[in-house]
Novice: 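Sharing a structure, written as structure tokens. Questions coming.
Since the structure is predicted, the reported quantities are computational estimates derived from the model, not experimental observations. Every chain is numbered from 1 and lettered A, B, ... according to where its sequence line falls, protein lines coming before strand lines.
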4 protein chains.
Amino acid sequence: MAESERMRRRKEEKRDQILDAARKLFLERGYSSTRMEDIARDADLAIGTLYLYFENKNEIYASLCEDGLAILDKLFARAAKEGNNCWEKMEALAKVNLRFYRKHRNYYDIVTFVFAGLKPEDLSAALREKIVNRINGILNHLEEIIREGMEAGDMRAGDVEETALILWSAVLGMVFVDQAGFMEGLGRNLNSVAVASMGMAFRGLKA
Amino acid sequence: MAESERMRRRKEEKRDQILDAARKLFLERGYSSTRMEDIARDADLAIGTLYLYFENKNEIYASLCEDGLAILDKLFARAAKEGNNCWEKMEALAKVNLRFYRKHRNYYDIVTFVFAGLKPEDLSAALREKIVNRINGILNHLEEIIREGMEAGDMRAGDVEETALILWSAVLGMVFVDQAGFMEGLGRNLNSVAVASMGMAFRGLKA
Amino acid sequence: MAESERMRRRKEEKRDQILDAARKLFLERGYSSTRMEDIARDADLAIGTLYLYFENKNEIYASLCEDGLAILDKLFARAAKEGNNCWEKMEALAKVNLRFYRKHRNYYDIVTFVFAGLKPEDLSAALREKIVNRINGILNHLEEIIREGMEAGDMRAGDVEETALILWSAVLGMVFVDQAGFMEGLGRNLNSVAVASMGMAFRGLKA
Amino acid sequence: MAESERMRRRKEEKRDQILDAARKLFLERGYSSTRMEDIARDADLAIGTLYLYFENKNEIYASLCEDGLAILDKLFARAAKEGNNCWEKMEALAKVNLRFYRKHRNYYDIVTFVFAGLKPEDLSAALREKIVNRINGILNHLEEIIREGMEAGDMRAGDVEETALILWSAVLGMVFVDQAGFMEGLGRNLNSVAVASMGMAFRGLKA
DNA sequence: CATGAATGAGCCTTCATTCAT
DNA sequence: AATGAATGAAGGCTCATTCAT
């Protein structure tokens, strides 16, 4: 029992080794420029070992997406409980989002891949559904806050879902611009742009 | 002279044939799943001919990006002159942007690739500079309008460049979400979301 | 026209180069120990070229089988017309068979592969049907002779098809034993064994 | 003693488990399509255990061949004693052969592999010698009967070894044709063909 | 003895690029 | 200028074998 528990954990660890290496490399060089051999070397494993933990290269990528969104979902769920009103809650979400992006940038990068890097057809139906569910989960946290804000009269009435979608896509947009190196190229920094952006959004949403 | 003129035009035409085919295929299947042979067949040319007009596959892709942004830049330049105040001008820009996205979706898609699909290292330094310049050009149109709005007292004072960057990245974010099929998946449509988004932004920007 | 004719012939030639190399190597080392690289080297072609003429390794093998049986079928058809009675005709067939085996041993070897080397499941349904048809064709020549012999009263009455099958499988048996090197190992030679075998068979068949 | 005896038997049993699994799989899928893992799973053992009983995959195959021929040899030895004259004895051999083929088809199939499936080079020198010896043993039984038949004047005089070889290869030929599925494909059955074949052979051999 | 996770050499296949015509 | 057959480097994946437990 204890034995199998240790085994399970070691297996989990090795899986993570692989994902860590893959995440780093996919982002550094892109999906198709990353060879299985590279991932193996970076994870200090043999090529064959990768195939003990994942069906194929695409499955590694898929796991990366799923895991990234799962973590973000969990963080959002926790953050959504902080704050006394809709503004504080949204600020909490934004902070969590930025912190996650800074600390686990690779994860976030992978998430954005889903939107732009791999064409939808490359994703297995099952993975696609998982991802859509995760994104819906994330949006749900936002919607909940927005709904409360509108009901409390803090926020001007409007389409809850649409508002959440707008805010979420604005966040993604900034992240993309930052990832592509244009934020830096234009002498800006994501953090301050995000703060300003939030200010603008809040003013636009105020009742 | 007339001879060389006709030659030039024919050459131009063939180049466009190639780009048209490549644009369509890159978007349908992604960059690495599109083979030179596919592009050749779609363009009704031989493989070898592609190499008479482009150094290599990556150059085709690069040209696509450049051309797309150049067109968008031109459209923005024209649109920026319409409208009597900053709100009308920005609306004009937004409309142009949406129309371009709808009509030349392939072009726009290619443009977004620059942000997420190909890693910066894949772009030659020269192309990268061109693209940054184009984006700066596009942002300049926005900045000009924002500056006028602030100076006219229509728009609350603030950092012009930053504001432009926020708006631009919000637009990109929506486009990404749409491209990834999530807009449709969530039962929304880019057009109405864009209108709502603009409303929110304008309220947030109002003096 | 003449151009395309020359092209066709050259293409045919290259196909044959590949088949020649593959036939030799498959027999020397067996199917799975023969690498595409080996075939390419032996055919003085690049690996990629093999794939211009054949879908994959298995298709090369399949072609070998088909071609071998087609040639044998043709030879049998011609030989079946020689000779004045059933005994002479059967002798003609046997001679042709032996000569073909000696001169194109590789071909014959490949043919026997069908019976023992590759399991039926490895053969595509289409190829399998072709092969069965060829074998039926070959058996038909034998049956025709046997039928004539029986009708002429030279040969004792019996089941025509069964008799053909017995003779054909006896031939295959000898060839297998020879191929496996046991004929030589036992200090015998296929030719004389075949002659003796034919003698025994004829006596067993005589009316 | 008793201890080591039980050990020996258990060891023997496990060896047989492996051989049983391997025999079945080699015949179902062919040698190279059968993975060590498959054999292990089928034998309810771990992969590593296979290597405690056999040097490598090829050795398993080799043992299969040897064992199969050893059994056949033993059966032939016994059968050769039955019957009062050469015809009855040969019939006894044929019957034993057919029964063995029907009951232990896998074994027989493996034996035929030696002739066609694996190239001679794949067999270690030692195994090859063993196999040749076994085949000689089998042929010896036949030769003995033939010699007696000739000496008794029942059988027409001739080369004893050659006659045995002819009969043996005819048997193999029929088996191959059956194994390859062509007997069935042609609507025949090995048993009746064998009987007819024996009739023809006996008539051909009669003094 | 038994296990099965780990290894990594090896092979089929793809496809960007070249070059003789 | 145009062609497309030929090239061969490169990479995903398999599986016989090993070895630490």
Side-chain angles (χ1 to χ4, degrees), chain A residues 3 6-7 10-11 14 17-18 32-41 43-60, chain B residues 7 10-11 14 31-41 43-60, chain C residues 3 6-7 10-11 14 17-18 31-41 43-60, chain D residues 7 10-11 14 31-41 43-61:
Chain A
E3 187 66 8
R6 200 199 306 164
M7 295 277 281
R10 195 184 308 186
K11 193 157 178 169
K14 211 156 277 187
Q17 266 177 59
I18 296 171
S32 61
S33 297
T34 301
R35 291 171 298 131
M36 289 301 269
E37 196 194 323
D38 298 331
I39 300 177
R41 196 195 346 270
D44 265 315
L45 294 169
I47 292 181
T49 310
L50 305 189
Y51 288 88
L52 291 177
Y53 293 88
F54 298 93
E55 288 272 346
N56 53 38
K57 190 181 172 183
N58 202 44
E59 283 297 309
I60 296 181
Chain B
M7 297 272 283
R10 197 183 308 175
K11 189 158 179 171
K14 215 158 271 187
Y31 179 79
S32 62
S33 296
T34 300
R35 289 172 298 129
M36 290 299 269
E37 196 194 320
D38 297 331
I39 299 177
R41 190 186 2 260
D44 267 315
L45 294 169
I47 293 184
T49 310
L50 303 190
Y51 287 86
L52 294 176
Y53 294 87
F54 297 92
E55 287 275 343
N56 53 37
K57 189 180 173 184
N58 202 43
E59 284 298 309
I60 297 181
Chain C
E3 187 66 8
R6 200 197 307 160
M7 296 275 282
R10 195 182 309 182
K11 192 156 180 169
K14 210 155 279 187
Q17 264 176 60
I18 295 170
Y31 179 79
S32 61
S33 297
T34 301
R35 290 171 299 128
M36 290 300 269
E37 196 195 320
D38 298 330
I39 299 176
R41 195 194 348 270
D44 265 314
L45 293 169
I47 293 182
T49 309
L50 304 189
Y51 288 87
L52 292 178
Y53 293 86
F54 297 93
E55 288 271 347
N56 51 39
K57 190 181 171 183
N58 202 44
E59 284 298 310
I60 296 181
Chain D
M7 298 273 283
R10 196 182 310 175
K11 188 157 178 169
K14 214 158 272 187
Y31 178 78
S32 62
S33 296
T34 300
R35 289 170 298 130
M36 290 299 269
E37 196 194 319
D38 298 331
I39 299 176
R41 192 188 358 263
D44 266 316
L45 293 169
I47 293 184
T49 311
L50 304 189
Y51 287 87
L52 294 175
Y53 294 88
F54 297 93
E55 287 274 346
N56 53 37
K57 189 181 173 184
N58 202 44
E59 283 298 309
I60 296 181
Y61 173 76

Novice: Between the protein and nucleotides 12-14 of chain E, list every N/O to N/O distance that falls short of 3.5 Å.
Specialist:
residue : atom : partner : partner atom : Å
E:dC12  : OP1  : C:T34   : O            : 3.4
E:dC12  : OP1  : C:K57   : NZ           : 2.8
E:dC12  : OP2  : C:M36   : N            : 2.9
E:dT13  : OP2  : C:Y51   : OH           : 2.9
E:dT13  : OP2  : C:K57   : N            : 3.2

Novice: Kindly give the heavy-atom pair with the smallest separation between B:A40 and B:L50, and that separation in Å.
Specialist: N-CD1, 4.0 Å
Novice: How do C:A46 and A:T49 order along DNA chain F: which one's closest nucleotide is nearer the 5' end?
Specialist: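 By nearest-heavy-atom nucleotide position, the 5'-most residue is C:A46.
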Novice: F:dT21 and E:dC1: how far apart are their P atoms, nearest whole angstrom?
Specialist: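 So the two P atoms sit 22 Å from each other.
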Novice: In whole angstroms, how far is the P atom of E:dA5 from the CD atom of A:Q17?
Specialist: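 Answer to the nearest Å: 16 Å.
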Novice: Take atom CZ of B:F54 and atom P of E:dT18, then tell me their distance rounded to the nearest Å.
Specialist: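 Going from CZ in B:F54 over to P in E:dT18 covers 16 Å.
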Novice: Hey, is the main chain of C:N58 close enough, under 3.5 Å, to the side chain of C:Y31 for a donor-acceptor pair?
Specialist: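 Yes, because the side chain of C:Y31 sits within donor-acceptor range (under 3.5 Å) of the backbone of C:N58.
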Novice: The criterion is side-chain contact (heavy atoms from CB on, under 4.5 Å); which residues satisfy it with A:F54, sequence neighbours excluded?
Specialist: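 For A:F54, the residues satisfying side-chain contact (heavy atoms from CB on, under 4.5 Å) (neighbours in sequence not counted) are A:R15, A:I18, A:L19, A:E59, A:I60, A:S63.
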Novice: What is the separation between atom CZ on B:R41 and atom C1' on E:dC15, rounded to the nearest whole Å?
Specialist: 13 Å
Novice: What is the distance, to the nearest angstrom, from the CG atom on D:D38 to the P atom on E:dG4?
Specialist: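 D:D38 atom CG is separated from E:dG4 atom P by 15 Å.
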Novice: Could you give the distance from OG1 (C:T49) to CG (C:D44), rounded to the nearest 0.5 Å?
Specialist: 11.0 Å
Novice: Measure the distance from CG on D:L52 to C1' on F:dT17 and round it to the nearest whole Å.
Specialist: 12 Å
Novice: Kindly give the heavy-atom pair with the smallest separation between A:M36 and A:N56, and that separation in Å.
Specialist: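 A:M36 and A:N56 have their closest heavy atoms at CE-C, 4.5 Å.
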Novice: When rounded to the nearest 0.5 angstrom, what distance separates CG in D:L45 from NZ in D:K14?
Specialist: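 Between D:L45 CG and D:K14 NZ, I get 6.0 Å after rounding to 0.5 Å.
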Novice: What does A:L45 touch in the nucleic acid at a heavy-atom separation under 4.0 angstrom: a base, only the sugar-phosphate, or nothing?
Specialist: sugar-phosphate
Novice: Using a 4.0 Å heavy-atom cut-off across all strands, classify C:K14 as base, sugar-phosphate, or nothing.
Specialist: sugar-phosphate
Novice: Figure out the CG/C1' separation between A:D44 and E:dG8, and round it to whole Å.
Specialist: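 For the pair A:D44 CG and E:dG8 C1', the rounded distance is 15 Å.
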Novice: So what stems show up for DNA chain F if we need 3 or more Watson-Crick or G-U pairs in a row, all under 3.5 Å?
Specialist: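 Stems (3+ consecutive pairs) listed as E:2-21 with F:2-21.
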Novice: Could you check how far CG of C:L50 sits from P of F:dG8, rounded to whole Å?
Specialist: 12 Å
Novice: My understanding is that only residues two or more places apart in sequence, or in another chain, count here; which of them pass side chain to side chain donor-acceptor pair (under 3.5 Å) with D:R35?
Specialist: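 Side chain to side chain donor-acceptor pair (under 3.5 Å) list for D:R35, sorted by chain: D:E37, D:D38.
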Novice: What contact category does A:Y53 fall into here, base, sugar-phosphate, or nothing, at under 4.0 angstrom with non-hydrogen atoms?
Specialist: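 It contacts sugar-phosphate atoms only.
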